[in-house]
Amino acid sequence: MLKDKKIILGVTGGIAAYKAVEIASRLKKAGAVVRVVMTEEAKKFVTELTFREITGQPVTSDMWAEIQHYSVAHISLAEWADLVLVAPATANILAKADVGIADDFLSTMLLATKAIVVYSPAMNTNMFNHPATQGHIASLKAKGARIIEPASGVLACGAVGAGRLPEPVDVVEAVEKIFAVKQSLAGKKVLVTAGGTIEPLDPIRFIANHSSGRQGYAIAAEAAARGAEVVLVSGQAAVEPPVGLAKFVKVDTTRQMREAVLADFDDADIIIKAAAVADYRPKTVAANKIKKTDDDFVIELERNPDILKELGGLKKSNQVLVGFAAETQNLLQYAQSKLEKKNLDFIVANDVSKPGAGFQGDTNIIKILSRDGSVEELPLMTKRELSAIIMDRAEAKLK
Ligand code: CTP
């Protein structure tokens with residue numbers, strides 16, 4: 001599984017750095033090409049020489065050293081890798097990677113790489129459980145990084161709890177599992193829309209909706225993880241775009257979303273429209289701030305284009321078109337009519353008035369209605385879990 005895989009092992013300065021030596025050795029024995037990048041602190045625990053001898057490859061740590069093997073070292077190494085494994089990952093590197101601080105070779109490379117990044121945190125239990133560290137871990141995960149959960153037990157500092165670097169054999173197995181995920185969408189293009197479009201009223205106000213972008217972003221992340229070329233067109237969203245996208249287009253209005261979607265529609269294999277699109281826009285947009293008066297204020301709205309309906313008309317037989325329906329009543333009836341009117345392969349319907357479903361939050365409850373009349377009812381799940389099911393169904397229609 002790891003044969004000829006290009007892996008960067010980032011080693012940071014924790015007592016568990018000695019275990020990274022065995023991790024490097026096991027990765028190499030499994031057939032991977034391993035290049036080690038160490039922080040200055042890591043060198044206080046283990047030597048560069050050890051890693052160089054074990055991997056048979058040069059070891060990098062100094063940002064400014066003259067390195068002959070790479071053109072701009074941290075960039076070319078970042079592009080070279082299939083996967084970056086940071087083990088052990090200290091609280092410091094997790095925080096830096098999360099906020100994007102690039103002040104040494106490893107952190108700079110983490111910012112530059114588009115490879116899968118895996119962190120294996122190891123530190124004192126209190127440091128691991130601190131809200132700051134937990135926050136950085138959650139945020140890195142949301143951006144697409146993988147985390148290998150630390151083991152529990154007696155730590156080097158004498159404390160007992162979570163924070164131990166798992167055994168090297170387990171760390172290597174976790175990496176193998178990541179490569180084992182099926183690249184079922186390799187060579188396919190997936191176009192996803194997410195978030196909410198907004199319509200300005202004047203330079204200060206706009207009409208918006210509650211969409212957080214979470215479900216659409218999770219679908220884009222899932223498609224990217226399956227090897228697809230993913231284009232994500234997003235309105236307003238409360239989350240960061242996932243890693244691994246081919247293209248990310250941020251838009252404000254419905255008309256801008258339409259332009260962006262049409263630009264990438266033609267050669268897309270699967271199109272998933274999870275965005276909450278504004279159906280109306282103010283008829284006039286004031287050039288200057290609208291000042292209040294003592295009278296009531298009436299906004300006249302005009303219709304926006306229905307992007308999905310237009311796509312339904314353009315759709316070719318080899319394209320899979322998926323829509324969303326967020327409703328507060330008559331869910332199945334409304335969803336069924338949208339499925340037909342917009343010429344979709346299937347529609348993902350959710351009753352946003354149910355607890356655990358809808359725009360905000362990490363979970364959703366959905367029903368999938370297909371053209372053959374079938375209705376699949378799914379229980380409450382995380383948006384990422386549902387994304388896997390939605391992509392499975394889309395893939396099945398593709399074949
Ligand atoms: N959609 C779109 N363009 C619009 C409106 C919606 O592409 N102008 C897409 C959404 O991304 C979603 C689906 O269509 O996939 C939602 O269907 P729609 O009938 O527009 O839902 P609502 O806007 O909620 O409409 P209604 O008022 O009919 O419930």
Side-chain angles (χ1 to χ4, degrees), residues 190-200 206-220 223 230-237 249-266 268 270-283 301-315 319-354 357-360 364-371 383 386-387 389-391 393-394 397:
V190 177
L191 171 61
V192 182
T193 71
T197 60
I198 58 169
E199 297 296 343
F206 55 83
I207 298 174
N209 61 66
H210 281 303
S211 175
S212 67
R214 285 190 171 85
Q215 183 68 71
Y217 279 40
I219 290 170
V230 181
V231 177
L232 175 59
V233 178
S234 175
Q236 302 278 313
V249 190
K250 179 75 186 22
V251 298
D252 285 327
T253 66
T254 297
R255 284 181 293 178
Q256 288 169 0
M257 179 168 277
R258 178 181 171 274
E259 288 298 310
V261 165
L262 287 176
D264 271 290
F265 174 73
D266 211 37
I270 298 174
I271 304 95
I272 303 191
K273 283 220 82 239
V277 184
D279 288 320
Y280 296 91
R281 62 173 179 268
K283 208 163 189 172
L301 300 174
E302 64 187 3
R303 268 304 303 263
N304 262 330
D306 188 326
I307 307 167
L308 189 54
K309 197 169 170 197
E310 189 174 344
L311 298 184
L314 297 171
K315 182 175 116 71
Q319 289 181 308
V320 176
L321 188 59
V322 180
F324 270 69
E327 307 288 350
T328 56
Q329 55 181 354
N330 303 332
L331 178 66
L332 287 177
Q333 185 195 327
Y334 285 147
Q336 183 66 38
S337 113
K338 288 175 189 181
L339 174 73
E340 286 162 23
K341 259 197 241 156
K342 304 195 187 201
N343 191 26
L344 310 176
D345 289 278
F346 63 87
I347 191 159
V348 179
N350 61 347
D351 181 343
V352 291
S353 62
K354 273 195 198 153
F359 297 128
Q360 304 297 330
N364 212 351
I365 310 168
I366 63 168
K367 292 182 173 54
I368 297 178
L369 284 73
S370 293
R371 275 311 260 279
K383 288 183 173 171
L386 288 170
S387 301
I389 295 174
I390 294 166
M391 287 316 301
R393 300 299 173 267
K397 301 269 179 213

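Indexing begins at 1, ligand by ligand and atom by atom, following the structure's order.
Between the side chain of N209 and the backbone N or O of S211 there is at least one donor-acceptor pair closer than 3.5 Å. Panel note: side chain R371, backbone L344; a donor-acceptor pair is recorded below 3.5 Å. Under a 3.5 Å cut-off, the side chain of N330 and the backbone N or O of Q333 do not form any donor-acceptor pair. Within the 3.5 Å criterion, the main-chain N or O of D351 finds no donor-acceptor partner in the side chain of E327.
Taking atom 8 (N) of ligand 1 as the reference point, the nearest protein heavy-atom neighbour is P305 O, 2.9 Å. Of all protein heavy atoms, the one closest to atom 10 (C) of ligand 1 is A275 O, 3.4 Å. Ranking protein heavy atoms by distance to atom 16 (C) of ligand 1, first place goes to F324 O, 3.0 Å.
The heavy atom nearest to atom 26 (P) of ligand 1, considering only R258, K338, R255, is found in K338. Nearest to atom 4 (C) of ligand 1 by heavy atom, out of L339, L321, I271, V277, is V277.
In summary, the atoms of ligand 1 found under 4.0 Å from a heavy atom of G323, numbered by their order in the structure, are 15 (O). Atoms of ligand 1 lying under 4.0 Å from at least one heavy atom of D279, given by number and element, are 4 (C), 5 (C), 8 (N), 20 (O), 22 (P), 23 (O), 25 (O), 27 (O). Close approach of ligand 1 to K273 (heavy-atom distance below 4.0 Å) involves ligand atoms 2 (C), 7 (O), 11 (O), 12 (C), 15 (O).
The shortest separation from a heavy atom of K309 to ligand 1 is not under 4.0 Å, leaving the residue out of contact. Within the 4.0 Å heavy-atom shell around ligand 1 one does not find A325. Not a single heavy atom of A276 lies less than 4.0 angstrom from ligand 1. Within the 4.0 Å heavy-atom cutoff, D306 counts among the residues contacting ligand 1.
Considering backbone and side-chain atoms together, K342 places an N or O closer than 3.5 Å to an N or O of ligand 1. Between A278 and ligand 1, no N or O atom pair is found at a separation short of 3.5 Å. At least one N/O-N/O distance between I307 and ligand 1 falls below 3.5 Å.
A cation-pi arrangement is present between R303 and Y280 under the rule of less than 6.0 angstrom and at most 45 degrees off the ring axis.
With no hydrogens or angles considered, a side-chain donor-acceptor pair links S234 and Y217 at under 3.5 Å. Between the side chains of T197 and T254, at least one donor N or O sits under 3.5 Å from an acceptor N or O.
The existence of a salt bridge linking E310 and K315 is excluded, since no basic side-chain nitrogen approaches an acidic carboxylate oxygen closer than 4.0 Å.
Checking I207, T253, D252 one by one against I198, the side chain to side chain contact (heavy atoms under 4.5 Å, CB included) holds for a single residue, D252.
Listed by chain and residue number, nothing satisfies the salt bridge (charged side-chain N to carboxylate O under 4.0 Å, His left out) test with E340 (two or more places apart in sequence, or in another chain).
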